[in-house]
Amino acid sequence: MTSAVSADVLEQRDIAFYYGSRPPVDDLRHFDQIVIQPSQVLPHEKAALLKLDSLIFAYVSFGEIARNSEDMPRIKTSWSIGVNPAWNSLVMNMNDPGWHEYLLEHHFARLWREGYRAFFLDTVDSYLIVTAEGKQREEQETGLVALLAEVKRRFPGCKLILNRGFEVLDRASQYADGMVAESLFHGFDPVTGKHAPTKEENRTWLLNQLSRAQNEFKVPVTVLDYVEPGNWAEAEKTAREIVKLGFMPWVANGDLTWLGQGRLRLAPRKLLAIVNGSPAQQMDHELFRHAAMPLEYLGLALDYWYIDQLSLPIEPLVGRYAGVIAWLGEDSSISIGESSTGRYESTCARLKAEVDAGLPMVFMGHLPAGDACRNLIDYQGELQPTTRALKLGSAGERLGRPNTAPVVGSGTPDIRVRDRNEAWLTLSDGDKLFHPVAVGAWGGYALHPHILSESASGRREWLLDPFSFFQAALRLPAQPVFDLTTENGRRLGIIEVRGDRLFEKDEHGVEAIDRLRAWVERNGAPVTLGVIEAEADNEERRSKVRHLASMPQVRLASHTYSHPFYWGVFEGKTDANQQPYRYSVFMDGYAADITRETEGTVEFLKSMAPDSPLLLIWSGDGRPGPAALAATHKGGLPHYGGGGLRWQSGSLSLADLSPALRPTEWGTQILTPLTGEPLFAQLWYGEALNFGKISEWNRQLDSARRLRISSISVHADALLHARGMELLDALADEQRKENTLSIWVDEYVTRARAFQTASVARDLNGNWMLFGDALRTVRLPASEMLPEISTDVVGYSDRNSDRYIYLARNHAILKPRREGQTDAPVLRLLHASAPLKSWHLNADGTATILFEPRGDVTLAVPASCLLSSDGEMLSAVRQGSHSLFNVSTANASGEFRLEC
């Protein structure tokens, strides 16, 4: 392992301690130093941690062994000199050669082989518990220093942080790259499990020791303090006090399983989504089908948790998640005396501690039964649904309930909240009140049948505004949210052609691939073509594919080997109506083979288009099960397809629009923004060329909110239709007029996958730390911040009430403009038609810009700015408050100089 910080001193490098399981690698990368318990980390998690630019410290108990440790069978009792009753552990003899060798071989050497190059040494001074001053203690200290020296000798270049060890600093400081001391302001009692302030005399003594270590011995100091999970006010206050004293802070719980407060605090953007069933049923779940899309728009990435298969983690959820949402099936309770218990009692009891710590909880569909769940939500009444007719009492303005929505009584649970101000929807039967939608201090709920309506054709409509409801119920703060629809101030746009019947001929004998090539030449925008390998079954056809792929506008993707239509067959499903459509390319002697359909097409792709990035476009229903996803993940093949709009009839319904991502334990499937293959077939073949609706839907998804990129997805054989070319021309022309930033599908997939891994933190000065990976845009309410243009921030633009801020790199620091600077910064990019390759602020106040090749480039800057290329000023067209520059392809790949 190599690290960007391994050769430097560790002073002023932010640190986090996390001893729990499931380390949140994407969040932890905000810290320069990360201390973990290797025994809690799975191999793939360890590999991900060691790939970070952060320095990963493996925990090593230097002076004690816990009685329940897996080491105990190999430990000789003669190596111990006493007991630490607080932790029920053995205190080891620091002068015993046997203990030295055991530590060096069974801990340091093993961890070194696993890739760790830094170690956090705990229990360094445990010998003080059982030894008196004098010769015995001196022997322990001599052995301790000798062991430190031997670690440094055997593992050259390793970094060591010591937990205390003040008594040996005069001899050990040469081996210590850092020092940690616990409980300067707040401590933790492992016996009682309580957190409490430390005594003043202890604090004074410890502060003197820390100052001596840092000032006299030049050892960087970290102070580790303990408060209850979720006590952010005290954690931040304590961190500020520690920083003021000149030390690096980390404030967390006593078990170090809470992602607490240092100089940085994580701003969670993951939502724990609790659902029934199994991962194979994910795409049928109501939470996935309906709630995930608006939650994504609000900036939240979902972490699905299948509660029927696995209990909730024991580590604190607060600090790791922005909240919890559950959409569970209907539950029933069992009465025992005056109490009742339900299926999810243990889950509710576990979540109660999180809600008490400030983590918002949202229930959709049904409330779980039982006393623990009632205690969590604190409602009155019973879950038994009424069969009576109800009248509308009141509907909160934020509910966004359609005026035409009928009042549904039957099925409404007989519950109400104690504080009527929390009710967003109130119904009445004359005697009783019913509150099926409410938002309170603990979170919120929205219950059937007051979430969605469904027409006879299967079309669904929201009966509430999901954006407003989730924003309020999850108490989402005003923080930057990553946006996967926009880049450099422009809406992203894609054109994908799926190679179904790519070599079919029209009545004139012209193949679809020839018509496609002519269209690509005329259109000029980036096009992604998914090829079904089995259709390119001879050299003539493969030659045509190579020729098309050689065009600069074209990138190839795999559209599988034989185009399975119904992916359920690989999971043993036997839907009789779907079986005849298992494959669109029928071949004698070929049986279903998941590997051949997925990663088995990579070699074909490479032979057709060596320069095209790898991508698999799912065929047919686009619903791969775990086995197909696992095969694709094993082959390292990014994948796309499935999802999109579930359209039955009528106008576009957001309740029938899938999310952009399907996160699974086998990787993230990126779903089609608008039209999957079943919908394409409905619109193109079965609905008399209603494919023109795509134009209308693309506009609707960019109206009040920009919910989707601009998306055109067609089958190759559409070009064989008399109106096919004309319709495709119209759609592409509309995309051009909209001034989209056109990208290939693999580029969209890279950006969308980054949405699941992107992370946000905030420092004590109020600056935002952003890891966006491939995402280059964050969104904030325009009233929240006017950003400072920097080496990380290129520009911004306002749309409706939102401000879209453009980032220059993967890891960016977003700062508000300095106090007193209220005018908009002049030097900035307003929009551009190509992705940024680099942005650099020069010492003379100008900026150097380089774009990725995309043909001609159009960009806009404030009207007072000048743009030059190769020393020549470029001419601009003045449009109100900005200047528009059109740069030809020949000049677009060079450096631009922006001067304002």
Please check this pair: side chain of Glu571 against backbone of Gly568, looking for a donor-acceptor N/O pair closer than 3.5 Å. no
Mark yes or no for whether Glu665, through its side chain, and Pro626, through its backbone, hold a donor-acceptor pair below 3.5 Å. no
Do the ring planes of Phe120 and Tyr59 sit parallel (below 30°), tilted (30 to 60°) or perpendicular (above 60°)? tilted
Could Asp177 and Lys152 be called an ion pair, given the rule that one side-chain N must be under 4.0 Å from one carboxylate O? yes
With a 4.0 Å cut-off, would you call Asp27 and Lys270 a salt bridge? no
State whether Tyr297 and Arg708 meet the cation-pi test: NZ (Lys) or CZ (Arg) under 6.0 Å from the six-membered ring centroid, and within 45° of the perpendicular axis. no
Interatomic distance, Met248 atom CE to Asp32 atom CG [nearest 0.5 angstrom]: 7.5 Å
With the side chain counted from C-beta on, respond yes when Arg662 and Thr668 share a heavy-atom pair under 4.5 Å apart, and no when they do not. no
Counting neighbours of CD1 on Ile314 that are heavy atoms of other residues, nucleotides or ligands and sit closer than 6.0 Å, is the number greater than 12? no
When you measure from the side chain of Glu599 to the backbone of Thr632, do you find a donor-acceptor pair of N or O atoms at a distance under 3.5 Å? no
So, applying ring pair (Phe, Tyr, Trp, His ring centres under 6.0 Å) with Trp258, which one of Trp250, Phe188, Trp232 is it? Trp232
Parallel under 30°, tilted from 30 to 60°, perpendicular over 60°: which one fits the rings of Trp567 and Trp618? perpendicular
Walk me through whether Lys46 and Leu42 qualify under side-chain contact (heavy atoms from CB on, under 4.5 Å). CA-CA 6 Å; Lys46 179 196 70 179; Leu42 296 174; over 6 Å; no
Nearest heavy-atom approach of Gly230 to Val318 is N-CG1, 4.0 Å
Report yes or no: does Glu296 contribute a side-chain atom to a donor-acceptor pair with the main-chain N or O of Ala660 at less than 3.5 Å? yes
Has Gln33 got a side-chain atom pairing as donor or acceptor with Arg13's backbone, closer than 3.5 angstrom? yes
Could you give me the CA-CA distance, side-chain angles and deciding distance for Arg289 and Ser658, then say whether side-chain contact (heavy atoms from CB on, under 4.5 Å) is met? CA-CA 5 Å; Arg289 296 177 66 189; Ser658 78; over 6 Å; no
Distance-only, no hydrogens or angles: does the His633 side chain make a donor-acceptor pair with backbone N or O of Ala628 under 3.5 Å? no
All heavy atoms of Asn276 vs all of Tyr306, minimum pair found to be O-CD2, 3.7 Å
Consider side chain to side chain contact (heavy atoms under 4.5 Å, CB included). Of Asp303, Ile325, Leu351, which one does Ile274 pass it with? Leu351
Please give me the minimum heavy-atom distance between Gly319 and Leu266, naming the atom from each residue. O-CB, 4.5 Å
Just by distance, do the side chain of Thr598 and the backbone of Ile594 share a donor-acceptor pair under 3.5 Å? yes
Step by step, would you call Glu64 with Ser89 a side-chain hydrogen bond (donor to acceptor under 3.5 Å, both in side chains)? CA-CA 6 Å; Glu64 293 184 22; Ser89 57; 2.5 Å; yes
Does the side-chain hydrogen bond (donor to acceptor under 3.5 Å, both in side chains) test come out yes or no for Glu182 and Tyr226, once each step is laid out? CA-CA 8 Å; Glu182 303 169 78; Tyr226 303 116; 2.3 Å; yes
Given the rule in the side-chain hydrogen bond (donor to acceptor under 3.5 Å, both in side chains) test, do Asn810 and Asp773 qualify, once you have shown the distances and angles that lead to the verdict? CA-CA 5 Å; Asn810 290 353; Asp773 300 321; 5.3 Å; no
Decide side-chain contact (heavy atoms from CB on, under 4.5 Å) for Arg269 and Phe482; before the verdict, give the C-alpha distance in whole Å, the side-chain angles of both, and the deciding distance to 0.1 Å. CA-CA 9 Å; Arg269 54 177 301 274; Phe482 285 99; 3.9 Å; yes
Restricting to non-hydrogen atoms, name the atom on Arg22 and the atom on Tyr321 that form the minimum distance, rounded to 0.1 Å. NH2-OH, 2.9 Å
Parallel, tilted or perpendicular: which one describes the rings of His106 and Tyr102, with boundaries at 30° and 60°? parallel
Is there a donor-acceptor contact under 3.5 Å linking the side chains of Arg762 and Gln479? no
Check: Val602 and Leu614 side chains under 4.5 Å, non-hydrogen atoms: yes
Is it true that a side-chain atom of Ser54 and a backbone atom of Phe31 form a donor plus acceptor pair closer than 3.5 Å? yes
Do Tyr18 and Arg320 meet the criterion of a side-chain donor-acceptor pair at a distance under 3.5 Å? yes
Least distance between heavy atoms, Pro38 atom then Ala58 atom: CG-CB, 3.6 Å
Is the Phe108 ring parallel, tilted or perpendicular to the Phe62 ring (thresholds 30°, 60°)? perpendicular
Between Arg153 and Glu150, does any NZ, NE, NH1 or NH2 come within less than 4.0 Å of an OD or OE carboxylate oxygen? yes
Looking at Arg263 and Asp763, does any basic side-chain N land under 4.0 Å from a carboxylate oxygen? no
Donor-acceptor pair, Ser558 side chain versus Leu616 backbone, under 3.5 Å? no
Do Asp483 and Thr485 have a side chain donor and acceptor closer than 3.5 Å? yes
Salt bridge between Arg596 and Glu533, side-chain N to carboxylate O under 4.0 Å? yes
Regarding Thr664 and Gln669, is there a side-chain donor-to-acceptor distance under 3.5 Å anywhere? no
Please report the C-alpha distance between Val531 and Met608 in whole Å, then the side-chain angles of each, then the deciding distance to 0.1 Å, and finally whether the side-chain contact (heavy atoms from CB on, under 4.5 Å) criterion is met. CA-CA 10 Å; Val531 180; Met608 295 295 103; over 6 Å; no
Would you name the heavy atoms of Ala301 and Gln756 that are closest together and state the gap between them? CB-OE1, 3.7 Å
Does Thr560 offer a backbone N or O that forms a donor-acceptor pair with the side chain of Ser619 under 3.5 Å? no
Any salt bridge between Arg154 and Glu101, counting N to O under 4.0 Å? yes
For Asp746, run the side chain to side chain contact (heavy atoms under 4.5 Å, CB included) check against Pro613, Pro638, Ser612 and tell me which one passes. Pro613
Close side-chain approach of Leu272 to Leu312, heavy-atom, < 4.5 Å: yes
Does the side chain of Ser562 pick up a donor-acceptor pair with the side chain of Glu597 at under 3.5 Å? yes
